[in-house]
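Predicted, not measured: the structure shown is a model, and the values here were computed from it. Every chain is numbered from 1 and lettered A, B, ... according to where its sequence line falls, protein lines coming before strand lines.
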There are 2 protein chains.
Amino acid sequence: MKLPCPITGPKPYHHGDLRRALLEAASRVLEREGPNALSLRAVAREAGVSPAAPYHHFKDKSELMLAISEEGFDQLYKFMLQSSDPDAPPMERVAAIGVAYVEFAKAHPSIYRVMYDCSRDLESLPDKAHKAEDGAFSLLKKAMIDLGVVSSDQEVDLELACIAAWCAAHGLAEMVGFRQFDSLKAKMGGEKAFLAGVLSHLGMFGQARNRG
Amino acid sequence: MKLPCPITGPKPYHHGDLRRALLEAASRVLEREGPNALSLRAVAREAGVSPAAPYHHFKDKSELMLAISEEGFDQLYKFMLQSSDPDAPPMERVAAIGVAYVEFAKAHPSIYRVMYDCSRDLESLPDKAHKAEDGAFSLLKKAMIDLGVVSSDQEVDLELACIAAWCAAHGLAEMVGFRQFDSLKAKMGGEKAFLAGVLSHLGMFGQARNRG
DNA sequence: TCTCAATCTAAACGTTGTCAAGATGAACTT
DNA sequence: AAGTTCATCTTGACAACGTTTAGATTGAGA
């Protein structure tokens with residue numbers, strides 16, 4: 001009856017892999033209609049199932065959102081990874097990671113929105129983002145270690161430096177979205193120059209100005 | 001019938017000043033039940049009026065939210081103002097403003113949430129926050145001018161420095177809410193030390209560590 | 001082939017944002 | 001002083017939402 005999606009591998013049950021399908025549907029809704037249109041029912045509709053179907057794969061809406069958020073942080077990690085040459089000098093690498101973070105947020109504002117809306121509700125970032133070895137925060141930490149900016153209290157100071165960098169990147173990622181700064185961007189000849197300009201004022205990203 | 005609130009001054013119409021009452025009701029709902037419970041109907045209920053009553057004072061829900069957001073940015077401005085001694089050295093003043101920003105967000109997380117949820121929807125900060133002479137951004141800018149950190153291109157570089165500071169403060173304000181950093185805070189002997197530690201890594205707030 | 005349990009649907013409930021129609025009553029006119 | 005006006009508020013309704021319950025479907029193992 002229902003042809004198994006030829007790629008999805010072992011089709012577990014009726015649909016094939018509704019969990020996966022729902023996440024992809026959510027991604028489509030997000031790109032097409034924005035974060036405010038991302039309802040459970042809209043996702044189910046997009047996936048072609050009933051409004052109650054998602055409840056067999058997610059406890060409630062917030063759990064669906066968390067899954068989307070985790071996927072987002074994973075995409076962010078991969079983008080940061082491919083944007084930072086591991087053989088480049090540490091400072092350049094840190095700057096590249098920061099720029100990649102902001103560019104990701106600008107390129108996928110809806111996903112970025114969900115990533116943090118979800119985190120704010122749970123009052124914690126997903127493990128995928130912070131704890132995981134193959135996550136965005138760990139990638140930043142490795143680059144920071146190579147940079148060697150830590151002072152007396154090694155462990156604590158390294159963590160603080162990474163948090164500071166994350167704060168700066170997140171803050172900037174949210175600000176670039178605001179129209180208040182459009183005229184300044186224009187005056188500087190583009191958003192890229194604007195980003196570099198702000199980053200150069202932000203401690204650990206001093207070198208960002210020398211990129212591109 | 002309805003006794004006019006003796007303080008509110010000239011009672012305009014039936015209720016007295018429903019617009020004001022709604023904003024105060026919203027504030028109460030926000031403190032009591034958090035940002036996710038802040039519905040138009042809940043606010044109307046709290047103010048003791050029908051669900052449709054607010055529509056005579058606000059075009060729709062988003063306009064109510066904007067008004068709440070503007071009030072929040074105004075409170076933030078006032079708190080920053082009273083937290084920064086105008087006679088203190090500029091660097092100390094900038095640091096005090098940054099610390100005040102983060103402390104405000106931590107003390108009123110629900111209001112802070114609404115302030116930015118609203119801004120993200122409109123893709124712009126309220127004029128109260130950025131444009132207004134008696135606003136938070138202007139206060140920061142004045143302190144920055146006194147600091148004299150601007151380089152060659154005066155105007156642009158000053159603006160960039162202020163934006164960078166705002167980004168850093170906002171980023172940190174959102175991060176302190178995450179439980180990921182609780183253990184680090186404990187290890188450092190409290191949140192205040194944590195905040196100072198992160199701020200000291202963030203460019204223009206280098207002096208923050210020397211406070212308190 | 002029969003059974004079973006995972007999966008999905010159908011239908012319903014309470015809640016939300018919003019609107020149209022009508023009731024109310026303060027202020028202005030005469 | 002009485003009547004008119006119009007902003008203000010209420011009533012009642014609508015569609016959409018998140019969620020739950022009960023029942024239908026169907027792949028997989030006996």
On DNA chain D, nearest-nucleotide positions of Ala42(A) versus Ala52(A): which is more 5'?
Ala42(A)

Got a sec, which residues hit ring-ring contact (aromatic ring centres under 6.0 Å, His included) with Phe73(A), two or more places apart in sequence or on another chain?
Tyr116(A)

For Ser62(A), side chain to side chain donor-acceptor pair (under 3.5 Å) partners two or more places apart:
Asp60(A)

Given DNA chain D, 5'-ward residue of the pair Arg41(B) and Leu18(B), judged by closest heavy atom:
Leu18(B)

Rounded interatomic separation in angstrom, taking OH from Tyr55(B) and C1' from dA7(D)
19 Å

Specify the residues of residues 25-39 of chain A, ordered by number, for which at least one heavy atom lies under 4.0 angstrom from an atom of DNA chain C.
none

Protein-nucleotide distance (Leu40(B), atom CG; dT15(C), atom C1'), rounded to Å:
13 Å

Return the value, rounded to whole Å, for the distance between atom CG of Leu22(A) and atom P of dG18(D).
13 Å

With a non-hydrogen cut-off below 4.0 angstrom, is Arg45(A) in contact with a base, only sugar-phosphate, or nothing?
sugar-phosphate

Quick note, salt bridge (charged side-chain N to carboxylate O under 4.0 Å, His left out) partners involving residues 33-54 of chain B, not counting sequence neighbours, are Arg28(B)-Glu46(B), Arg32(B)-Glu46(B)

All side chain to side chain contact (heavy atoms under 4.5 Å, CB included) counterparts of Val102(B), not counting sequence neighbours:
Leu172(B), Val176(B), Leu195(B)

Does any N or O donor sit under 3.5 Å from an N or O acceptor when you compare the side chain of Arg19(B) with the base of dT8(D)?
no

Contact list please: residues 56-72 of chain B against DNA chain D, heavy atoms, distance less than 4.0 Å, in numerical order.
His56(B), His57(B)

Name all residues meeting the side chain to side chain contact (heavy atoms under 4.5 Å, CB included) criterion together with Glu71(A); count only those two or more places apart in sequence or in a different chain, and write none if there are none.
Arg20(A), Leu23(A)

Please list all pairs meeting ring pair (Phe, Tyr, Trp, His ring centres under 6.0 Å) that have one or both residues in residues 30-61 of chain B, counting only residues at least two apart or in different chains.
none

ring-ring contact (aromatic ring centres under 6.0 Å, His included) against Tyr77(A), all qualifying residues, sequence neighbours excluded:
none

Taking the six-membered ring where the residue is Trp, are the ring centres of Phe79(B) and His108(B) under 6.0 Å apart?
no

